[in-house]
There are 2 protein chains.
Amino acid sequence: MTALRSYGDPCGIARALDVIGERWALLIVRELLFGPKRFTDLREALTGVSPNVVSQRLRELVAAGVVGRRKEGGRVYELTPWGLDLHPVLVALGKWGARSPARPKGRLSADALMVALESTFVPAQAADLRATYELRLGHRRFSVEVDRGAIAIGSGAPRRPDAVVATDPGTLRRLVFGDRRLAGAPVDVRGDSRLARRLFRVFARPRPAEA
Amino acid sequence: MTALRSYGDPCGIARALDVIGERWALLIVRELLFGPKRFTDLREALTGVSPNVVSQRLRELVAAGVVGRRKEGGRVYELTPWGLDLHPVLVALGKWGARSPARPKGRLSADALMVALESTFVPAQAADLRATYELRLGHRRFSVEVDRGAIAIGSGAPRRPDAVVATDPGTLRRLVFGDRRLAGAPVDVRGDSRLARRLFRVFARPRPAEA
DNA sequence: CGGTATCCAAGCCGATACTG
DNA sequence: CAGTATCGGCTTGGATACCG
């Protein structure tokens, strides 16, 4: 029952930080960007966080109007419209952070990877591409629509994907940001595999800012 | 000599937070957006922060490559190119935070106000406006250039401003976001006062997200 | 001016245990 | 499944005092 501490600063940035500046808060928001999740899903996506802390952050975010709770076969948490407006902010922040010289090793959550794709999408590299993809990462399904310079990622499988890529976040990450060879990778590609390979090239590998 | 704690998450957002997620860090960046500052300037702009914390944050930000230190008649801190790339992120975050239902009362720093202007600028409301302003807030000088749908704010006075507005941050804030009457306000307007008044109308008053 | 030293309180981590 | 309760240990933040 902690009263959340405020900067007491009327600036918009400070007020934003009053709401989403506490530790783990923004990562919880990240995990909710593409759809509702349960408490347990959040816990396992955010490795190393105590249930205690998740619980408190959720309470604060709900109180602030960023997150809502619903009952849908158990409780689920989801972003409010205002919370959803953090999406572009997180994409921009992720784009900036991807250039950090520090590179922690660890697992990437499926949702974090999706934000990373949005952050690194290069419109010019997709100027002549128009395709719909289904990404399967574990039990999660995402739709990725590339439409000549624009990208839209949503949760849930698209109706008629041109290609389906099934793998795990780590492998997809490598295929997009690292070594792009498909051979031998634990990936299952169906549909138009040329288009699938094309997808891996519309994202830029972030270049670290020089120290 | 604290090793900064990391989320240990390779996601760009988490890596960004590793660098600028600690308390006060982003507000220090905000204060440096429009130019270098001294330790003491930072202390007084950020009301309620201990010198202790400013010192530690600066050390961390310097170590991370966000801030640089120079000697220029005393030490000054300034954003590195990478740090400067946080500018659009902060503008977006400020835009979001300005809609928070919570409204702390307190003083607005001059730099915070400048970011607020950028955050709330409405291109459509300036479609037919082209003017250069000088804003004087205490001893600080800023240039504001509005060029038909675009705004650019810089520190330091412009060469040939169309209008000069001298006041304090609180008053300017009211003139822009609140009651726009000039009468009786502690403001000194010189040059084209019609253009000056016009400036107050190219920004939107943020509407709070419904709780 | 530009910080460091010290101390205290609060918060987070991590584990574990427990409940509706 | 979805959390709350509690506890120890440690880390941070906040306040004040102080020093080159």
Side-chain angles (χ1 to χ4, degrees), chain A residues 1-9 14 17-28 31-32 35-64 67-78 104 106 139, chain B residues 1-9 14 17-29 31-32 35-64 67-78 104 106 138-139:
Chain A
M1 194 63 51
T2 314
L4 31 153
R5 61 188 168 177
S6 163
Y7 284 105
D9 184 331
L17 293 175
D18 283 346
V19 173
I20 46 76
E22 294 291 325
R23 195 165 171 78
W24 295 106
L26 218 44
L27 295 187
I28 289 177
E31 288 302 317
L32 297 177
K37 280 193 177 169
R38 307 164 181 286
F39 187 90
T40 313
D41 298 330
L42 290 171
R43 270 201 70 181
E44 84 183 71
L46 306 173
T47 60
V49 69
S50 315
N52 204 344
V53 173
V54 177
S55 179
Q56 183 173 338
R57 283 301 160 270
L58 283 173
R59 239 178 294 129
E60 292 164 357
L61 289 171
V62 168
V67 167
R69 11 188 331 166
R70 266 190 357 215
K71 271 174 222 147
E72 181 192 71
R75 274 210 212 307
V76 293
Y77 295 88
E78 67 185 345
H139 61 95
Chain B
M1 197 63 48
T2 313
L4 31 154
R5 63 184 167 182
S6 164
Y7 285 106
D9 183 330
L17 293 175
D18 282 346
V19 173
I20 47 77
E22 296 291 325
R23 193 163 173 77
W24 295 107
L26 219 43
L27 294 187
I28 288 177
V29 172
E31 289 301 318
L32 296 177
K37 279 194 178 168
R38 309 167 179 285
F39 187 90
T40 312
D41 298 330
L42 290 171
R43 270 201 70 181
E44 84 182 70
L46 305 173
T47 60
V49 68
S50 318
N52 198 348
V53 173
V54 177
S55 178
Q56 183 172 338
R57 283 302 158 269
L58 282 173
R59 238 178 294 129
E60 292 164 358
L61 289 170
V62 168
V67 168
R69 22 190 318 169
R70 266 187 0 211
K71 271 174 224 149
E72 183 193 67
R75 274 206 215 308
V76 293
Y77 295 88
E78 66 185 346
H139 60 96

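Chain letters run A, B, ... following the sequence lines, proteins first, then strands; residues in each count from 1.
Applying the 4.0 Å criterion to OP1 and OP2 of C/dG3, one finds that B/Arg69 has a side-chain N or O inside that range. Note on B/Arg23: every side-chain N or O is 4.0 Å or more away from OP1 and OP2 of C/dG11. B/Thr40 has a side-chain polar atom (N or O) that falls below the 4.0 Å cut-off from OP1 or OP2 of C/dC1. Here A/Tyr7 does not reach the OP1 or OP2 of D/dG14: none of its side-chain N or O atoms lies under 4.0 Å away. Contact annotation: B/Trp24 side-chain N/O to D/dG14 OP1/OP2 distance is under 4.0 Å. Remark: A/Arg5 is not in phosphate contact with C/dA9, judged by side-chain N or O atoms under 4.0 Å from OP1 or OP2.
In this structure, of D/dG13, C/dG3, D/dA2, it is D/dA2 that holds the atom nearest to the side chain of A/Phe39. Residue A/Val53 has its side chain nearest to C/dC13 when only D/dG14, C/dC13, C/dT4 are considered. Picking from D/dA2, D/dA17, D/dT12 the nucleotide with the shortest atom distance to the side chain of B/Pro51 gives D/dA17.
The residue B/Arg43 sits apart from the nucleic acid: no heavy atom pair falls under 4.0 Å. Base contact: A/Ser50 has a heavy atom under 4.0 Å from a base atom.
Rounded to the nearest 0.5 angstrom, B/Arg23 CZ and A/Glu22 CD are separated by 6.5 Å.
Atoms CZ (B/Arg38) and C1' (C/dG3) sit 14 Å apart, rounded to a whole Å. Between B/Leu27 atom CG and D/dG13 atom C1' there is a gap of 14 Å when expressed in whole angstrom units. One interatomic measurement links the two molecules: CD of B/Glu22 to P of C/dC12, which rounds to 12 Å at whole-angstrom precision. At whole-Å resolution of the value, CG in A/Leu17 and P in D/dG13 are 14 Å apart. Residue A/Gln56 contributes atom CD, which lies 13 Å from atom C1' of D/dA5 at whole-angstrom precision. Separating the CZ atom of B/Arg75 from the P atom of D/dG20 is a distance of 16 Å, rounded to the nearest angstrom. Straight-line distance from the CZ atom of A/Arg57 to the P atom of C/dG11: 10 Å, rounded to whole Å. The distance between atom CZ of A/Arg70 and atom P of D/dG3, rounded to the nearest whole Å, is 14 Å.
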Practice task
Apply the test side-chain contact (heavy atoms from CB on, under 4.5 Å) to residues A/Tyr77 and A/Arg75: give CA-CA distance (whole Å), side-chain angles for both, the deciding distance (0.1 Å), then the verdict.
Solution key: CA-CA 7 Å; A/Tyr77 295 88; A/Arg75 274 210 212 307; 4.2 Å; yes
Problem - Evaluation steps, side-chain contact (heavy atoms from CB on, under 4.5 Å), between B/Leu42 and B/Leu32 - result: CA-CA 9 Å; B/Leu42 290 171; B/Leu32 296 177; 4.1 Å; yes
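Within the 3.5 Å criterion, the main-chain N or O of B/Leu46 finds no donor-acceptor partner in the side chain of A/Tyr7. Between the side chain of B/Asp9 and the backbone N or O of A/Gly106, no donor-acceptor pair lies under 3.5 Å.
With hydrogens and angles ignored, no donor-acceptor pair closer than 3.5 Å exists between the side chain of A/Asn52 and the base of C/dT16.
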